[in-house]
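A note on names: the letters A, B, ... follow the listed sequences, proteins ahead of strands, and every chain is numbered from 1. Only this structure's heavy atoms are used, side chains among them; waters, hydrogens and symmetry mates stay out.
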Amino acid sequence: MTPRRATNRAGGAKNAPESGRAPHGAVMPRRPTNRAGGAKDAAESGRASHVAVRDLVIRVTVNGEARRWTVAPGDLLLDVLRREGFWGVKRGCETGECGACAVLVDGEPVNSCLMFAAQAEGRNLLTVEGVARGGQLDPIQEAFLDHGGVQCGYCTPAMVLCTRALLARSPHPTEAEVREALAGVFCRCTGYKKPVEAVLAAAAATATAGAGRAAAGARPKRRPAGRRAGP
Amino acid sequence: MFDQLRAFHRPTSVATALRLFDSERRAGERGKFVAGGTDLVVQRDRSLRWLVDLTSLPLRYVKRRGQALVIGATSTMADLERSAALRRLADGVLAEAAATAGSRQIRNMGTAGGNLANASPAADLAPPLLVLDASVVIATRAGRRTMPLQRFFRGVNRTTLNGGLLIEVVVPLPRVKRGGRAAFAFQKLGRLESDIAIVNAAAGVAVDGGGRCTSARIALGAVAPTPFRARRAEALLVGERFDRAAADAAAARAAEETRPVTDVRGTAEYRREMSRVLVARALAECLEKFGRGR
């Protein structure tokens with residue numbers, strides 16, 4: 001968990017070409033940069049002088065909003081999302097094991113610690129910040145609260161997002177399917193019984209609410225969304 | 001974490017990917033191809049200075065080509081487990097193996113090409129692909145070549161790629177002689193099934209109308225420097241009546257063909273014994289499928 005090193009864009013910026021998309025659709029380098037800490041790089045690589053790093057401009061949609069980010073070639077999606085204030089994306093093991101950093105990319109959960117930010121170009125991301133709508137928690141979040149599926153909360157964003165992807169794919173999952181969908185998110189507090197119950201309840205609630213809405217135009221009871229989670 | 005990287009290329013064609021890789025490599029700094037990142041990012045190789053990303057290449061497909069199914073290299077494990085064609089092929093062993101290759105998030109990222117090109121001895125796709133006599137298509141700037149998967153692996157994390165790019169896996173459709181039948185099975189032992197394999201194994205058996213084995217394939221992973229076919233065990237089966245006793249004898253022979261190591265996940269002795277158990281289970285599964293009259 002090294003703090004991200006500040007980028008010194010002093011070098012070469014003035015004469016750098018404008019950023020843009022190459023004819024073949026690749027992300028183009030924005031400008032060459034001399035980076036602070038280049039001496040460390042040079043020492044490690046045994047090479048003299050600076051290392052020319054080409055930052056990239058990527059366009060992504062996060063929680064329905066178009067974003068334009070400047071990222072370094074080696075930036076991981078986890079680091080960029082947190083840098084941009086999406087603190088619901090949790091930093092855990094950083095080796096793809098614990099799943100706390102899961103986000104949905106085009107509707108499917110991935111571990112953002114294993115994805116380069118540059119690979120998110122053009123993709124549609126959903127973090128837990130985008131799950132509640134109009135100040136109302138999603139039925140999945142309601143179910144996690146109602147069934148004691150949240151304790152310290154560190155794994156909860158990932159669990160909620162994995163549930164969201166599961167229910168989109170399979171609105172009436174079996175318990176085995178639920179366990180499989182949550183298997184890549186480690187919880188060290190409650191264990192998995194409560195979250196599994198919560199997911200099954202959310203599935204049932206969504207089905208019932210859907211039926212109810214269809215019959216009477218009723219809206220499910222929602223709880224106002226809480227304060228945004230801190231880092 | 002990868003702040004030493006100075007370039008991240010995102011080509012959209014194989015030709016461009018190869019050209020970029022080649023010119024970067026000529027410049028003398030270390031770099032690699034990357035796709036799902038589930039191995040590369042975890043390896044945290046700080047000597048890498050550039051990457052050529054493959055996830056924008058048009059290589060994400062499973063399609064029929066002649067008498068084979070062709071898997072594009074950047075198809076994810078999740079793509080494979082969902083593919084209707086792969087679920088029908090060879091009792092679905094490939095789809096089944098893909099479904100065990102890590103958690104849902106990992107399977108949404110990790111690719112078929114990466115699973116093979118990383119050359120982990122424990123690669124879950126390797127045993128079923130070896131059983132299915134699969135080949136890999138390698139693109140280089142000089143052209144494309146196809147080679148049997150078993151010649152592709154050279155050692156732990158070592159392949160014959162040498163700057164080439166694995167673009168496709170070709171899986172011939174299993175052919176069964178008139179009146180005969182074939183069955184396939186995949187077995188894996190991990191802490192949980194979605195964890196890295198301590199041992200994985202696949203088997204494919206064809207029998208004639210009288211229940212005599214006409215062809216056998218047994219492959220194992222995580223018990224030698226590379227995934228491999230247990231050819232002496234296969235030879236024990238061919239020409240003989242395929243029954244439980246034959247299956248158990250072949251499993252014992254297959255275990256003798258392993259060259260396992262001891263590591264944090266299991267001792268060599270445990271791996272060898274579990275190799276026997278898993279091959280026996282895979283063959284028993286084939287036997288059961290024949291018994292069900294499919």
Side-chain angles (χ1 to χ4, degrees), chain A residues 1-2 4-5 7 22 24-29 32-33 35 37 40-41 44-45 47 51-54 56 58 71-76 78-79 94-97 99 101-106 108-119 121-122 158 162 165-166 180-185, chain B residues 1-13 15-17 19-20 28-31 34-58 74 76 78-79 81-82 99-100 102-110 114 192-196:
Chain A
M1 309 199 189
T2 356
R4 207 190 111 75
R5 185 177 348 130
T7 304
H24 57 275
V27 179
M28 283 292 281
T33 52
R35 303 208 303 167
K40 187 177 146 209
D41 277 343
E44 275 172 10
S45 65
R47 298 175 81 85
V51 179
V53 172
R54 289 177 289 177
L56 311 162
I58 61 166
V71 303
D75 278 351
L76 295 168
L78 166 67
D79 298 313
E94 296 184 89
T95 54
E97 301 279 356
C101 66
V103 297
L104 302 193
V105 176
D106 296 334
E108 290 289 342
V110 305
N111 289 333
S112 62
C113 73
L114 297 184
M115 185 167 175
F116 287 95
Q119 292 176 309
E121 159 76 15
C162 286
L166 169 71
E180 196 277 327
L182 298 186
V185 183
Chain B
M1 210 54 84
F2 284 88
D3 47 6
Q4 77 290 356
L5 274 192
R6 58 162 179 74
F8 192 94
H9 302 287
R10 298 206 76 201
T12 54
S13 75
T16 313
R19 185 173 48 73
L20 286 165
E29 289 186 321
R30 260 177 60 79
V34 62
T38 55
D39 286 312
L40 181 135
V41 175
V42 176
Q43 287 158 5
R44 295 274 185 266
D45 182 347
R46 289 194 59 83
S47 72
L48 298 177
R49 293 291 177 270
W50 50 270
L51 292 173
V52 176
D53 177 51
L54 306 175
T55 57
S56 301
L57 301 187
T74 59
T76 65
D79 292 340
E81 71 189 84
R82 280 194 288 254
T100 72
S103 68
R104 163 88 38 191
Q105 298 98 287
I106 298 295
R107 294 181 338 256
N108 281 333
M109 307 177 83
L192 295 174
E193 204 191 33
S194 61
D195 288 329
I196 187 171

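Of the atoms belonging to B/L40, it is side-chain heavy atoms, and not backbone ones, that fall under 4.5 Å from chain A. With a threshold of 4.5 angstrom between heavy atoms, B/R107 approaches chain A through side-chain atoms but not through N, CA, C or O. Both the backbone and the side chain of B/T38 come within less than 4.5 Å of a heavy atom of chain A. Contacts between A/C113 and chain B at a heavy-atom distance below 4.5 Å involve the backbone alone (N, CA, C, O).
Remark: the backbone N or O of A/A118 is paired with a side-chain donor or acceptor of B/R10 at under 3.5 angstrom. Within the 3.5 Å criterion, the main-chain N or O of A/V110 finds no donor-acceptor partner in the side chain of B/N108. With A/Q119 contributing its side chain and B/S56 its backbone, the two residues share no donor-acceptor pair below 3.5 Å. Although no hydrogens or angles enter the test, the distance criterion places no donor-acceptor pair under 3.5 Å between the side chain of B/Q105 and the main chain of A/A102.
Ranked by heavy-atom pairs under 4.5 Å with chain B, the list A/L166, A/V185, A/L114 is led by A/L114.
Here A/S112 contributes atom OG and B/M109 contributes atom CE; the two are 8.0 Å apart, rounded to the nearest 0.5 Å. One finds the NE2 atom of B/H9 at 9.5 Å from the CG atom of A/L56 (value rounded to the nearest 0.5 Å).
Ring pair B/F8/A/F116 is tilted by interplanar angle, where 30° to 60° counts as tilted.
Residues meeting the salt bridge (charged side-chain N to carboxylate O under 4.0 Å, His left out) test with A/E97, sequence neighbours left out: none.
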